[in-house]
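Working notes, beginning with the structure itself.
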There are 2 protein chains.
Amino acid sequence: MTPQTPELPGPDPLLDAEVASQIPFLVARARRRVHSHSTAALAGLDLKLRHFAVLSLICSGAQPTQRELGEFLDLDPSQIVALVDSLEERGAVRRETDPRDRRSKIVVPTESGHDLHEQAAALTRASEETVLQTLSPRERRQLRALLQKVAF
Amino acid sequence: MTPQTPELPGPDPLLDAEVASQIPFLVARARRRVHSHSTAALAGLDLKLRHFAVLSLICSGAQPTQRELGEFLDLDPSQIVALVDSLEERGAVRRETDPRDRRSKIVVPTESGHDLHEQAAALTRASEETVLQTLSPRERRQLRALLQKVAF
DNA sequence: TATTGTTATACTCTATAACTATA
DNA sequence: TATAGTTATAGAGTATAACAATA
C-alpha cells in the first residue's frame, strides 16, 4: 500500500551504485567541493590553494628548503619553483641560500608575507566552517583525525 | 633538561604549520594517495577511475541518461561523451535513445560490461583495503559516513 | 525558445627530462 | 658521482563556447 511516486525527486537511485559508497569516489567528490569553496574564498587575495599551502609552511617557523616543501606537499621540485617564484614576485617571501649547503635555498617570509598568510588563513578557516556546516564539532574533529591518518 | 636531538628525523616540524591541520589540505592529500592507489589497481584492466565510476553507475540498474551521469559525477556533458565513447568502443556499454525523449540517450551495460565492472569493483575494494590499513573497521565506517555528508 | 548530446578549442595542472651549481 | 634548484616541453585533465537534433 505504499504510494507510488515514481516521478518525484526523492533520493537519487544512482546512490545505490557500488562506486557511490567507495572511498576513492567519496574523497574525490569531497575534495572537489572543499577545493572549490576555499579557492573561491582565497580569490579575493589573488591566492590559489597551493600558494597558500606553500606560504603557510614558510610562515610556520620551520625554515624549510624548497626540497622540503616539495616532499611535504608531495609536489615535484619544478612545481615548487613556480609557486615560490610567484610568492617572491609579490614580495611575500625571500629565497636565502642555506649556509650549510649552498645548493639549497631556504625560503623565509617577509613581514607582508606574514600578513598575507594571516588573512588567507582566516579566509580558509571560514570557508571550512561553511563546507562542514552539516557536521557537528565532534564529527569535524573525527574527520580531521581520520584524514590525517589516511593522508600521512 | 629535555635532550636536544636537532638532527634526528623525528616528527616533521612542518606538521605544525596552520595548513597542515586544515581540511582542504588534508582531503587533497588523502585524495592523492587514494587516487594513485586505485588508479594503479585498475591499470591492469586498462580502466581509469573515471571510467570505472561511469561504468558502475551504468551497471547500477538505474538506466541513467548521459545528463544524469554528468550531474551525479559533477562533470561537464562533454566529458561524459568522451567517457561513454571509450566504454562503448570496448564493448562494455551501449547507447540507446530514450523513447520518452529522443534527445536523451540512456546508457546500458553489455554482458561483458557487467563482467568488467565486477572485476574492477573487486580491484578497487582491495585497493581500499590497502589504503585504509591503518584504520580500524569502525574508523572506516566513520570515514565513509563523514565523507558522504561532505560530498553530497 | 530551451535542452541533450556533440565537437572544437583553449587553459590549467602535472610529469619528465635536461641543464647549472654546488657537494 | 650525486643532489638542489631551474628551465623547457609534452601530456593529461578541465572548462568554455558553438552547433545539430529534438522538445
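Each chain gets a letter, A, B and so on, in the order the sequences are listed, and its residues count up from 1.
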Report summary line: Sorted by chain and residue number, the salt bridge (charged side-chain N to carboxylate O under 4.0 Å, His left out) partners of A:R90 (sequence neighbours excluded) come out as none
Query raised in the report: Looking at five pairs on each end of the helix from C:dT1-D:dA23 to C:dA23-D:dT1, what is the angle between the two axes, given to 10 degrees?
Result: 0°
Report task. Can you measure from OG1 (B:T130) to NE2 (B:H37) and round to the nearest 0.5 angstrom? Result -> 5.5 Å
Report summary line: Numerically ordered, the residues 74-89 of chain A set in heavy-atom contact under 4.0 Å with DNA chain C is A:D76, A:S78, A:Q79
Requested in this report: Tell me whether B:L73 is reachable from B:V108 by hopping between hydrophobic residues (I, L, V, M, F, W, Y) whose side-chain heavy atoms are closer than 4.5 Å.
Outcome: no
Query - Straight-line distance of B:F152 CZ to A:L15 CG, nearest 0.5 Å - result: 5.0 Å
Query raised in the report: What's the verdict on salt bridge (Lys or Arg N to Asp or Glu O under 4.0 Å) for A:E88 and A:R95, showing C-alpha distance, side-chain angles and the deciding distance?
Result: CA-CA 8 Å; A:E88 194 171 37; A:R95 284 184 237 237; 3.1 Å; yes
Report summary line: Rounding to 0.5 Å, atoms CD (B:E129) and CD (B:Q133) come to a distance of 8.5 Å
Query raised in the report: Hey, any chance A:V81 and A:L69 share a hydrophobic cluster, counting ILVMFWY side chains that come within less than 4.5 Å of each other, even indirectly?
Result: no
**Report entry** Worked verdict on B:L87 versus B:V54 for side chain to side chain contact (heavy atoms under 4.5 Å, CB included)
**Finding:** CA-CA 9 Å; B:L87 287 174; B:V54 169; 3.7 Å; yes
**Report entry** Spatial distance of atom CD (B:E68) from atom CG (A:D12) [nearest 0.5 Å]
**Finding:** 8.0 Å
Query - From CZ (A:R144) to CG (A:L135), nearest 0.5 Å - result: 10.5 Å
Report task. Output yes when B:R141 and B:E139 qualify as a salt bridge under the 4.0 Å nitrogen-oxygen rule, no when they do not. Result -> no
What N/O pairs connect the protein and nucleotides 18-23 of chain C at under 3.5 Å? Give each pair on its own line.
{"unit_1": "C:dA23", "atom_1": "OP1", "unit_2": "A:R102", "atom_2": "N", "d": "3.1"}

Query raised in the report: Ion pair present between B:E128 and B:R140, side-chain N to carboxylate O less than 4.0 angstrom?
Result: no
Report task. Specify the residues of residues 54-73 of chain A, ordered by number, for which at least one heavy atom lies under 4.0 angstrom from an atom of DNA chain C. Result -> none
Query raised in the report: In whole angstroms, how far is the C1' atom of C:dG5 from the CZ atom of B:R95?
Result: 8 Å
**Report entry** NZ/NE/NH1/NH2 to OD/OE distance under 4.0 Å, A:R32 and B:D74
**Finding:** yes
Query raised in the report: Would a hydrophobic clustering, with Ile, Leu, Val, Met, Phe, Trp and Tyr connected at side-chain separations under 4.5 Å, put A:I106 with A:V93?
Result: no
**Report entry** Within residues 29-48 of chain B, residues whose heavy atoms come under 4.0 Å of DNA chain D
**Finding:** B:K48
Query - Carboxylate-amine/guanidinium contact A:K105 A:E96, below 4.0 Å - result: no
